[in-house]
Each structure stands twice: as C-alpha cells, then as structure tokens.
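Before any comments, here is the structure.
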Amino acid sequence: MALDKNFEAAEAEARIYRAWEAGKCFAAGANAKPDGVPFSILIPPPNVTGSLHMGHAFNNTLQDILIRWHRMRGDDVLWQPGTDHAGIATQMVTEREMALHQEPSRTAMGREAFVARVWEQKHKSRGTIIGQLKRLGASCDWDREAFTMDGGFHDAVLKSFVDFYDRGIIYRGKRLVNWDPQFETAISDLEVENIEVQGHMWHFKYPLAGGETYTYVERDEDGHVVREEERDYISIATTRPETMLGDGAVAVHPDDVRYAPIVGKLCEIPVGPKENRRLIPIITDEYPDPDFGSGAVKITGAHDFNDYGVAQRNGIPMYILLDTKGAMRDDGLSYADSAEIARAAAAGEITAAEVDVDAVNLVPDAYRGLDRFEARKAIVADITGEGLAVMMPDEEGTPQPFVEQKPIMQPFGDRSKVVIEPMLTDQWFVDTAQIVQPAIDAVRTGETRILPEQDQKVYFHWLENIEPWTISRQLWWGHRIPVWYGFDLRLQDFVDDEGDGTLDPTEMLRFLTADNLVRGTDRHHAAMDFDGVTGLFADVIAALPLPLSHAQVVEVEDRHTAAHAMARSLAQYEIDQDPTKLVYPVWRDADVLDTWFSSGLWPLGTLGWPEDTDELKRYFPTSVLITGFDIIFFWVARMMMMQYAMVGQRPFDTVYVHALVRDEKGKKMSKSVGNVLDPLDLIDEYGADAVRFTLASMAAMGRDLRLSKDRIAGYRNFGTKLWNAARFAEMNGATRRDVGAASGVPEASAPVNRWILAETGRVREAVDAALTAYRFNDASSAAYSFTWHMVCDWYVEFAKPLLQGSDAALKTETQAVMAWVIDQCLILLHPTMPFITEELWGLLGDRERMLVHADWPGYTATDLADAEAEAEMSWVIGVIEEVRSARAQMHVAAGLYVPMVHTGLDAEAAEAWARNETLIKRLARIESLDQVDALPKGAVTISARGGTLGLPIADIIDVSAEKARLEKSLAKLDKEVNGLQRRLDNPKFAESAPSEVVEETRQNLSAREGEAARLREALARLAEVA
RNA sequence: GGGCGGUUAGCUCAGCGGUAGAGCACUACGUUGACAUCGUAGGGGUCACUGGUUCGAUCCCAGUACCGCCCACCA
C-alpha cells in the first residue's frame, strides 16, 4: 500500500466524518475512562435559519479543539449542540421568504398560520448550519441537538418566567421603552446601536401666555451683561420638532437667573391650530444644563428618555404622538378634545396619571398620519413661516432661522437599522437589579473565570450599572408569554356602557403558575392546553355569583373580542335565562419573550432542567463557555444571572471570550461591504483542517484576527508536509509499533532516536500547557514547528541513511521510533486538524480505535529527556548548519561532496562525529573527514564546539568571498562580545543581578570570545593565501 | 463624556525585565528516491514618541501622538 501524493480533503473529509458518526464517536461520554472527569461545553446556539460565518467557524473550531483534546484524554466529554429560534431574525427571514414566493403576508394569514409557517421554515433551514458545522469537523453529540423552542426547553422558559413573577422579579408596566417602528416591537437597550449622524438643532420661540414679557439678561463669566432685552417668549432648542406637540412643560435649571422671572408661568407651544394652542408650564428641574442651548428644555415625557424622568419627577403629563410604525397618530380623540384634556392636566384639574394616554391624541389634523420625518419638515416650515423661529444674522448680517448643524447620537435598531423611537407602552420587564449580584460575585471571587481578564472589567461595568430588561416583544415567533387575562366581574357591572359592544371593566390577570403547570394534563404543553387555561380561571368562575358561576371559559383572540363575547353572552342570558350558555372569555397576552430570555436558560434548558436529569447532574455546571465578546451582555451576563437565580449555581467554570474575525485589512466582515470570507468556500478550497489550523494559530487572546487566504494556504501546505512525512515513513517501513516498553514509547539506543524522543516529550508538554491555558495559538505553533522543523527538517533527513543503511538493528529501531514519532504528531495535531490526522492514522496501520478515540499521551518532557543525546545532536546540527551556510555563501555546487579536515577534536566532539558520521556526511555533503596538523591555506573554516573544522576547497571558492563572510560573522560576534563585556564590567550588575544570570553571561562571553578567536585565525590563514 | 485595547521585519501577528521571533512576501541556489503545496542559504527591526523605575526596559510606571472598540440621556 502506498499513500497518494496528496491528501484529497474534499473527498476524505466527508468520508471520515461519516465514519466518526457511524462509530458514535461524539456521543456524550464516548471514550471516557472509568475515572474520566466530566468536561462539558455548550455550543453558543446559532440562529436556526442562519448559515455558518467566519465567527462561527472560529468559535466552533476552538470548542472542537478543547473537546477533542479532552475526549482523547479520556474525560467524560459532552459537547451539547443546538440552535436558537432567534425571534426577530427568524420572523424576518420567513417573511422575506414568504414575500419572495408571493405567499400571503403575515398579517393576512394570521398568527397561528404564521407560526406554523415559521416552523416550516425552521425545518427547511435547520439542516444548513448543522451540516456546515459538520463540515468544519465539529464533534458535537448531535443526538442531543437542542432547540430553544423545543417542548422541554419551553418548560424551562415557562418555569423561569412564572418563578420570576412569583418572586417579584418580573413585572409588567407602562414604561418608556425603545421602539422599533420597522418591526413594530419593543426592543431592549442592548438591541439599540447609537450612531453618530449629522443632525440639526432648531431654536424656536415659545410665546408667553397672555403676551406677557420679561427682561432677559445674559452675562458672561465675569458677570458682565452681554445681552439684555425684553422678551415675550422663551427660546427652546430641539433636534426633534415633531415631538413639540407632546410637550408637557418647559424646564429650566432652578439656578438659572435668566428665566427666574417666568418660572411658574405658562407658555404656548408654537405649533398646531392657532386658535387652540396648548399652554404648558415653565418648571424647574436639575436636568437642564444652563450652558447648553438656551438653557430651557421642552419636556416630552412620552418621546424622550431624559424628559421621561423629568416628567415623572414633576408630575408632568405625557402624550403619545406616534403610532407603532412611527407615523403621527391618526387614532383616538380629536385634537380639540385631546387639547381640552391636556389643558385640564396642565391646569392641575386632573393629574397626569388620569390622562388616558392611549386615547388622547394631540396631533392636529394637518399632521395626522404623516411619517415622523415628514411631520418634522412640515412643522419646522410652519413654525418658521409664522416667524417663531429664533433668528440669527448670517455672514452678511441678514437674519436667518437659527438651525445648528451638529453631530448627534441617534439610536438605530441593530436589526432593522431604522431610527428607534422612545415609546410609552405596556411591556414586561425583568428587574435585573434583583438577580445581578450573584453574577457579579461569581466572577469577583473566581468561582467563574472570565478570560482574557480584561473582559471582566467590561462585564462588571455593565452589570454594576444594569437597567431593567424589557423582555416582551410584539412579535409572533417566540415563547408566548404564559399569561391570560379575564375581566374581573366581581368588581364591575356588566353593562355595555357605550352601547357598541365594548365593555370597560377592569381586567384581571391570571398567570400560569407553578401549580397550574402541574395541573395540566400534559405537563409539557400545559401552557398551550385549553384545559390548563380553564384551570387557571376555575377559582374565578367559582367565586362569581349565580348564574355566572356556571359560565364556561372560552379563549378568544384579544381583549376587544372578549368584551364583545362577554356582552353578547350576557345579552343572550337576558333573553333565555340559560346559565349553561354563559361564557367567560379569556385572552392570552399577545407578546412573546425576548429571544435572549430563553437563550439565557441555555445551560439548564439543554441539560433537561427543570427535570433532574442525569446530564444535569454530570455536566452542570459546565466546564467552559467559548463565545464572542459581542454577546457578553446579551448572553453571558444574562446566563450568569438566570442560572444563579433559578438554581443558585454558576453555569460555567470558565468563560473564554474570543475576538472578532476581520478581513485581511482589519475591517469587520459585512455583507454590504462585500468583504465576507465564507468559511464554506475556504473549506472547499483549502480543506477544513487548514481553515481550522489558521483560526487556531491566530487565536491569541484578546485580539482581533485578520484572516487572509495566504495564511490558510500556508497551513494547507503544512498538512501536505505532514502527509508526506507520513508517506515517507510508510514507504520506509516505519510502521512498526512492536518495539517498545509498556509505556508505548519505543526503546532507542542511537543518539538521533533518543534525541527525537526527548523533543517529542517536550512538545507534548508544551501543547498541553498551551491548551490548559487556552492559548490556542501557542498550542498550534508548538505542534507546527515540531512537526515541520524538528521532525521533517531534521529527523526524517537523519533517518534516511539509517533506514537505507546496512545496520539492521539500527534500521529496525529507527523504523519503530519514526512510526511512533509520526503517531505522536498525528495525536498532537488531531484536535486542530482532525481530518488529515484521522486519515493518516488509518492508513499507517491497523488500529484498535480511530484517532478520535486514541489515547492522549501521558509521558512528560522529563520522562523522555536525554541530556547526552540532546547535546550531541545539537553539535551535529550545528556542524551541518555551519557547513551548509559556508557552502551556500561560497557557491559550492549543492550536490557536490567535498572533503573536510580538522585539527583535532576533543573527546566529546570526536565521539559525536563517530556516532553520527553518516548523518553529517549526507546532510552536509561531506565526502571525508581527516585530521591535519593545520588547516590548509584558504580552507573554509567551520567553527564547532570542541574543535576547528575546515573545508579545504580553496581551489573551488572565491577567497575574497570567504573573507567577507568571516568578517561579517566576526563583526556580529564582536558586537555581542562588547555588549556582554560591558555588562560584566558594571560592578552593580554582579551585585544586583541573580547569580545564575551573571554566570550565564560569563559563559556566554567566553564562548563568544572563543568563536571570535577561531574566526580571527581563519582570517589570518586567508591573508596568507592572498 | 467615561472605559478598554493597540502601535514589534515589507505585510499579518506572537513574545516579554537579561543575546528580537513566526508565517507570508522578498533574494540566491537547488528536479538531493517523502514533499516544488518543496528544500538549502540569506536580506530585512534604534520593538510609536518623551520621561521615570532598574545593574539592565521592546517588556514595568507616567505622559504624548495616532488607530480601533465598548459604554453614555446633554435637549
């Protein structure tokens, strides 16, 4: 059997992966020794409809390296795979797909049908990313593949939600939240990207009520009056004129003397129907900065986060102006009626809380329905037209409306890329402050370790300043909030006040509780189960007076439908007095949970919680989480908080945070820029091993990596190199594995063989040390340079004469050692390059087990150390390198064998020569070695420990070239000697430096001086020739 | 406005209190019975700048410059 010349990655990878799967090689606990300790990693679940990008490739390569390494070490390994339902992203993808195929729109098909359609989409695309992970070589336990919407996972989500609610950690309320007008849903702070854009700041006059005036005085720092005038207005700066209609007040700083005369007075919002403009109070608050703008701030509580705070503090009413799409509202009450309510609120006739913000609509007819940006233009034009813009003289002195061009930070949705609106809506929140502390403490005490350590700071900073987490989303795809509502009929008359079928009773909330959960017939789907819902309200019904206590619970779409159903049912009862026909309509909360709420439960949920499964007992807490820095807040911090909150345990021992994969110019890869490298394309072109090895070799902690194809090609070449070394071994019968001690390490007597064993021991330890410290780049580079520069460059070359020589015993020994060394390369490289190593493992012998389950070696560098052989081989290598270097510079024909002479070698050098003569002769192209009294004139000098060697080839070389060569070396040496000498001459050095450093420096100096002396002798000899 | 990171060979990056390293690129030579996806030899760096600590600084400290990232409610 002879190996092909190259490894055919495309063909072999698929075949090998199938063999691993067929052998159940990745199953949890596979290859675990009886005493194997658990080692578990949870995959960061990719979006189920996603496809593999470079970040995934990087992330999963690192995980697979650790997993394969631990599996070979005999640990009880679990790599838990799965995908995320990715609420917004998946809903978006599906809708796009539906539009593409001219299917009915989401709203046209209705919620139930749409959710079914998304499931269909999920089933269609799920295989994509899983297949791609397999192509990368990921050795997950695929039989355990999880999905964040699976029944079991859903349980974990429900249990957590209800638990949190019962503990007062989850609450519902009308709050100002970030609203995405594109997806028409609330989003959390983290999903907002603040981007600097060129904005405008307009300055408008808010006239004082009743034409009142005051003296406006402005002073400079020294108190000198720089401006003094009578004004009948207060000047306001705003970047958002369209929100003026919702102003509830104008605020100034309490210390701002400019406005002191008018505090408490009313001013008029300069927009809307002239005959019916709203008056708002001028109030004081600490928020306005007197040095910014005019120092006066309009307060629009419903559309600005700062203003929201001011409004709350001061009881200022808030008015919602925009609809869910970000257009000016066109619903609710008329402007006139709304303005009347607002007037009452401003006058203190009603409190801010009494204003029905959903009904009051302060958008004048002229602007109703306009998009927010259109409305802005129209309002600016109208105010300016009316002469209420603050004017500033331009360069020529002509007054112009004062509009500042200035960069402003504007919030954008991270997925929709549209401008986010602060909106006052009913949402569900997690009061994260209540559960954050254990997550902070865990990292502080080291119970969970975050690597690299600098990322801990980022983690702490965010957690220590954590804000409530908005967890409800107005989407259809996701875990629907397990809450049902019904009317509290105990508190209200069932009168249809409006006569239009709408009731206005207080709603009563009912939650799926832990009790309800077990009450359902099918525990896994209790939340969806109508019987479960009936159960939820059983006590409500029972408590109602006859005949209502006979009512049947029916679940309806929403509150509005429920009101109609209730009214109809009651009307019917008036007619037929039949209590069995009475219904009690209930409706479910329409919102779903933030995707990160469920992925926050990924550790527990994938392991079977809330059931007390074996997996949970064995693999939780998990060993390490490998994830990108970009989701520390989104995911890592929340997992920490949620696992602690639910089970009081850390989810991970270690969190390894990796950086971003960028393009070769250092730019972030993005589809719009078009600089995306698709890992699948790269795998096609170079093979998965090369891609993996590249990523691992660049995975220095804490720094972004720039990926270039050149680098990948280089590591593809490395694979070829390894392949050919193995091919050489196979061609030379170096496949024997029958010579060796019980440890499996072969016995060796030849120095070259003893030496390579020692080197192997060293690299084994280096690789383990690097992986233990998550230094993937160090691990790969250690294995790389050992394989290429130690084994291929030297050992294989040394072995050639031995394998082809006549010493049968030496040949056998070398075959065995080489077979073993190549095996060690395969083993050490397998975690990073699983395919090619597995292929070679199979081709190089009949094995009991595949490489994926081979034993990771346990020998240490000390076990295999051999000072004698190592010193000897370093002499041999030194001589060969010297000869090669001299030959190359003297332009001696590469293939030409030349004689060598020496003037006497010390015992050590003589023995080294004697034992390795054939090796040196072959590698240095030396014909013979003879002792001479003195090196011949013009000989090329070879400096070596323990003697002077020379190549008497004056006739074939250029003497002046040799002179130049020697002088150059000498100059370099002299520089070193000087440096060392200077250091030793400094008395403080000897005093302060550790003795071993001083000693080392002394030895170094004498060695260098010896070399220099030899070179000077050689130069002298050359001078004789010339 | 806060915080963090970076600045080392032409390029991409390791390293780190005690002779500056790798890969790629470059130059010269080479079809040596594993490998031209290769081999051998070689060129190339005042380790951003300025101070400080130290016997000794690319490495530690402070500051400066430039680059990048994260967080942040100045209308």
Side-chain angles (χ1 to χ4, degrees), chain A residues 3 5-7 189 194 201 236-240 243 251 287-289 291-300 304-310 408-409 411 422 452 454-455 457-458 461-462 465 629-630 632-633 659-660 662 664-666 668 686 690 694 697-698 700 702-708 710-711 713-732 775 777-778 781 784-785 789 792-793 796-797 800 804 881 884-889 891-895 922-923 925 975-976 979-980 983 986-994 997-998 1000-1001 1004 1008:
Chain A
L3 267 62
K5 217 168 164 184
N6 286 307
F7 175 61
D189 299 344
N194 291 299
M201 193 158 78
I236 301 293
T238 182
T239 54
R240 305 216 39 203
T243 66
Y287 164 64
D289 174 359
D291 296 328
F292 187 87
S294 67
V297 185
K298 66 192 222 37
I299 301 301
T300 320
D304 182 281
F305 284 99
N306 292 313
D307 296 2
Y308 181 70
V310 177
I408 54 171
M409 294 302 280
Q454 65 232 30
D455 284 327
K457 292 184 190 168
V458 183
H461 181 261
W462 189 72
N465 297 286
F629 75 96
D630 51 332
I632 293 181
F633 306 145
L660 204 66
R662 297 171 176 276
E664 54 191 319
K665 296 191 196 80
K668 200 167 169 175
Y686 301 103
T694 306
S697 73
M698 296 172 92
R703 228 169 112 147
D704 286 351
L705 42 123
R706 301 190 185 187
L707 192 64
S708 78
D710 283 348
R711 190 88 184 245
Y715 290 116
R716 186 266 325 269
N717 297 354
F718 172 61
T720 306
K721 190 76 183 173
L722 172 69
W723 180 269
N724 279 288
R727 181 162 173 259
F728 172 83
E730 193 264 349
M731 285 167 67
N732 286 277
R775 299 177 65 98
N777 55 326
D778 286 350
S781 100
Y784 176 97
S785 64
H789 300 308
C792 293
D793 289 352
V796 167
E797 294 304 323
K800 282 176 183 173
Q804 290 148 17
E881 284 181 332
R884 280 174 173 171
S885 177
R887 292 174 57 119
Q889 285 173 71
H891 299 290
V892 177
R922 167 136 173 181
L923 269 61
R925 309 268 166 223
K975 211 174 141 192
E976 275 183 56
L980 292 167
R983 203 188 302 171
N986 184 345
K988 285 185 176 171
F989 175 65
E991 279 168 38
S992 321
V997 171
V998 177
E1000 198 186 314
T1001 310
N1004 211 343
R1008 298 288 140 169

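Throughout, protein chains are lettered first and strands after them, A, B, ... in sequence-line order, and every chain is numbered starting at 1. Just so it is clear, the values below take in all heavy atoms, side chains as well, and ignore hydrogens, waters and symmetry mates.
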Task: Partner residues of A:Y308 under the side-chain contact (heavy atoms from CB on, under 4.5 Å) criterion, sequence neighbours left out - done: A:R175, A:L176, A:Q312, A:M318, A:L424
Open item on the list: Under a 3.5 Å threshold, yes or no: a donor from one side chain and an acceptor from the other, between A:S885 and A:Q889?
Closed with: yes
Task: Rounded distance [0.5 Å steps], CZ in A:F989 versus OG1 in A:T1001 - done: 4.0 Å
- [ ] Can you establish whether the number of heavy atoms outside A:Q804 located under 6.0 Å from its atom CD is more than 12?
- [x] yes
Open item on the list: Any side-chain N or O of A:K988 below 4.0 angstrom from OP1/OP2 of B:G56?
Closed with: no
Open item on the list: Checking contacts here: which listed nucleotide (B:A75, B:G18, B:A41) is nearest the side-chain heavy atoms of A:Y287?
Closed with: B:A75
Task: Secondary structure string for RNA chain B (Watson-Crick or G-U under 3.5 angstrom, | for other-strand pairs) - done: (((((((..((((....[..)))).(((((.......))))).....(((((..]....))))))))))))....
- [ ] Would you mind classifying the nucleic acid contact of A:D289 as base, sugar-phosphate or nothing, using non-hydrogen atoms under 4.0 angstrom?
- [x] base
Open item on the list: Is it the case that the base of B:A34 and the side chain of A:E797 share a donor-acceptor contact (distance under 3.5 Å, atom types as modelled)?
Closed with: yes
Open item on the list: Heavy atoms from C-beta onward define the side chain here; which of B:A72, B:C13, B:A34 lies closest to that of A:N724?
Closed with: B:A34
Task: Per-nucleotide protein contact string for nucleotides 19-26 of chain B, where B marks a base within reach and S marks sugar-phosphate only (heavy atoms under 4.0 Å, - for neither) - done: B---SS--
TODO: Using a heavy-atom cut-off of under 4.0 Å over every strand shown, decide if A:S781 touches base, sugar-phosphate, or nothing.
DONE: nothing
Task: B:G15 OP1/OP2 closer than 4.0 Å to side-chain N/O of A:R775 - done: yes
Open item on the list: Is A:K5 close enough to B:A36 that one of its side-chain N or O atoms is under 4.0 Å from OP1 or OP2 there?
Closed with: yes
Open item on the list: Can you tell me if A:T1001 touches the phosphate of B:G18, counting only side-chain N or O atoms and a distance under 4.0 Å to OP1 or OP2?
Closed with: no
TODO: State yes or no: are the ring centers of A:Y715 and A:Y784 separated by less than 6.0 Å?
DONE: yes
Task: A:R884, nearest nucleotide to its side chain (from B:G18, B:U40, B:C55) - done: B:U40
Open item on the list: I'd like to know if A:K721 reaches the base of B:C35 with its side chain, counting only an N/O donor and acceptor under 3.5 Å.
Closed with: yes
Open item on the list: Under 4.0 Å, heavy atoms only, any strand: does A:R922 hit a base, just the sugar-phosphate, or nothing?
Closed with: nothing
Open item on the list: Regarding A:F292, tell me which of base, sugar-phosphate or nothing describes its non-hydrogen contacts under 4.0 Å with the strands shown.
Closed with: base
Task: Rounded distance [0.5 Å steps], CG in A:D189 versus CZ in A:F633 - done: 12.0 Å
- [ ] Answer yes or no: side-chain N or O of A:R716 and base N or O of B:U37 forming a donor-acceptor pair under 3.5 Å.
- [x] yes
